[in-house]
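Have a look at the structure below, then the notes.
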Amino acid sequence: MKITIIGTGYVGLVSGTCFAEFGVNVVCVDKDLKKIESLKKGVIPIYEPGLDTLVRKNINEKRLSFETDLENALLDSSAIFIAVGTPSRRGDGHADLTFVYEAAKEVGLKLDHYAVVVNKSTVPIGTGKKVFEIIKEVNPGLDFDVASNPEFLREGSAINDFMRPDRVVIGCESERAKNILKELYRPLFLLETPILFTKRETAEMIKYAANSFLATKITFINEIADLCEKVGANVSDVSIGIGLDGRIGKKFLHPGPGYGGSCFPKDTLALVKTAQDYQSPVGLVEHVVKSNKKRKENIYKKILNVLPKDDREKTITILGLTFKPNTDDMRDSPSLDIIPMLVNNNCKLKVFDPEGMNEAKKHFSKYKDCITYCEDSYHASEDSQALVILTEWNQFRALDLNKLKKVLLNPIIIDLRNIYNPKELIEKGFKYYSVGRQQSD
Ligand code: NAD
């Protein structure tokens, strides 16, 4: 079988490469010429563990290729996946579907045989219908179907998530299209992965409901963590205590500086907007969105609170800039809110992130005079008044505390991911502040 993937970002590139690894012939198309040129040479433009090796292997074995020309890519394709970005529309929070509609129109204009067009991008309920209409309008004689196949992979573990997913959701009512998608996902049937066939609208809703539920879990534990600090409880034990209840589950119960990334912030907001449009508000998710926004400000105040209360300029170390470890993705990372607030309050920052610094430099160009990009955690800690752990990269989990104490101006650690043990750090002579647990005075 041959398929086409439109969009070679985190989702398109991972999906295309993994389908090729399943034995399918895959052509990945992107309108970004530089990206395609680099991919043709096996150089991948993003950081995703294991992806470069798999891309090169499948290029060499001639199952994976890259193109800018969609018409060429569509030749003999049975399925065409749309995996382009759906960011928040500036100003109102609805999902911006410009890229999806453009891709649909191009497919309509260039496809000349039956195929199933599959929305892999996260799109609001009803988008599949609209994609169908766009293609029909530009190519009325074409025989085709439109399916929804939302993607649930997580950056940082994307290959494993794609190859061994908890489930695959396919929204489609045409038997012909279903059979193509069943064939494509056959290796996962063999692994007994649950494959759920639903109506197209249901599949679209599942993706938004899943992301909003996970964002709600994070927000819930963040609010419980704040209360723990007030009442002297330990949120880590609370997470274990509630997570052991099978009805709750232990995942996504880690408090921190608020959720970020390329999905949760925009998807929660888009669900809120869709629900408002249909006069069926999702009040709980509306609260989650507000609470998560407020959280960055609260975290900034938490950092300020620990610093000496005078007007002098402060130097602070920030370890971790990406929204989570094992990715270079800075989209909606909490650092994008917290760093400007600190800089605007007379702080100079010394920062280090194992993979995110190139991306971070683009986002923080406005603050370049106040941010020093350092070569490692210790370099970033030299002469700082406090060290803030913003992302829980493995490199930060076992820092040499004696060395840190020597290089820091003040032995203050603000651990926003709870990766250290409060008792141990306090015994070692640090002033240690974490989230929802014992704090130094
Ligand atoms: P991305 O921004 O990393 O990549 C999108 C790519 O599409 C870009 O390379 C862009 O050049 C290309 N593109 C846009 N329009 C095009 C067109 N007409 N023709 C060819 N190429 C085109 O996006 P992403 O993070 O991969 O996300 C894609 C979709 O998947 C989004 O809807 C997102 O919500 C969803 N999703 C993302 C993740 C994730 O972890 N990133 C996980 C699940 C779902």
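For ligands, and for the atoms within them, numbers begin at 1 and follow the listed sequence.
Annotation: atom 42 (C) of ligand 1 to nearest protein heavy atom, L153 O, 3.5 Å. Counting only heavy atoms of the protein, atom 19 (N) of ligand 1 lies nearest to I6 CG2, 3.4 Å. Closest protein heavy atom to atom 23 (O) of ligand 1: R331 NH1, 3.8 Å. Looking only at heavy atoms of the protein, atom 29 (C) of ligand 1 is closest to V84 O, 3.3 Å. Of all protein heavy atoms, the one lying nearest to atom 12 (C) of ligand 1 is D30 OD2, 3.2 Å. In this structure, atom 4 (O) of ligand 1 lies nearest to the protein heavy atom G9 CA, 3.2 Å. Protein heavy atom closest to atom 18 (N) of ligand 1, with residue, atom name and distance, is E106 OE2, 3.3 Å. Closest to atom 21 (N) of ligand 1, if we only count protein heavy atoms, is K31 N, 3.3 Å.
Side-chain N/O atoms of S121 and N119 include no donor and acceptor closer than 3.5 Å. Side-chain contact annotation: S381 with K350, donor-acceptor N/O pair under 3.5 Å absent. With hydrogens and angles left out, the side-chain atoms of Q276 and H94 include no donor and acceptor closer than 3.5 Å.
Residue E155 places at least one N or O, backbone or side chain, under 3.5 Å from an N or O of ligand 1. Below 3.5 Å of separation, one finds an N or O of T122 facing an N or O of ligand 1. Remark: ligand 1 and D267 share no N or O pair separated by less than 3.5 Å (distance only, no angle test).
Under a 4.0 Å criterion applied to the non-hydrogen atoms of K207, ligand 1 contributes the atoms 43 (C). Close contacts of ligand 1 with E151, meaning ligand atoms under 4.0 Å from a residue heavy atom, involve 43 (C), 44 (C). Atoms of ligand 1 lying under 4.0 Å from at least one heavy atom of G85, given by number and element, are 5 (C). Interface atoms of ligand 1 facing C263, defined by a heavy-atom separation under 4.0 Å, are 36 (N), 37 (C), 38 (C), 39 (C), 42 (C). For ligand 1, the atoms closer than 4.0 angstrom to any heavy atom of G7 are 6 (C), 7 (O), 12 (C), 21 (N). Ligand-side atoms of ligand 1 in range of K35: 8 (C), 9 (O), range being under 4.0 angstrom from any heavy atom. Taking every non-hydrogen atom of T86 and a distance limit under 4.0 Å, the qualifying atoms of ligand 1 come out as 31 (C), 32 (O), 34 (O).
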Discussion item. One pair to check against side-chain contact (heavy atoms from CB on, under 4.5 Å): L196 and I170. What are the steps and the verdict?
Written reply: CA-CA 6 Å; L196 188 63; I170 295 173; over 6 Å; no
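Ligand 1 lies less than 4.0 angstrom from a heavy atom belonging to K266.
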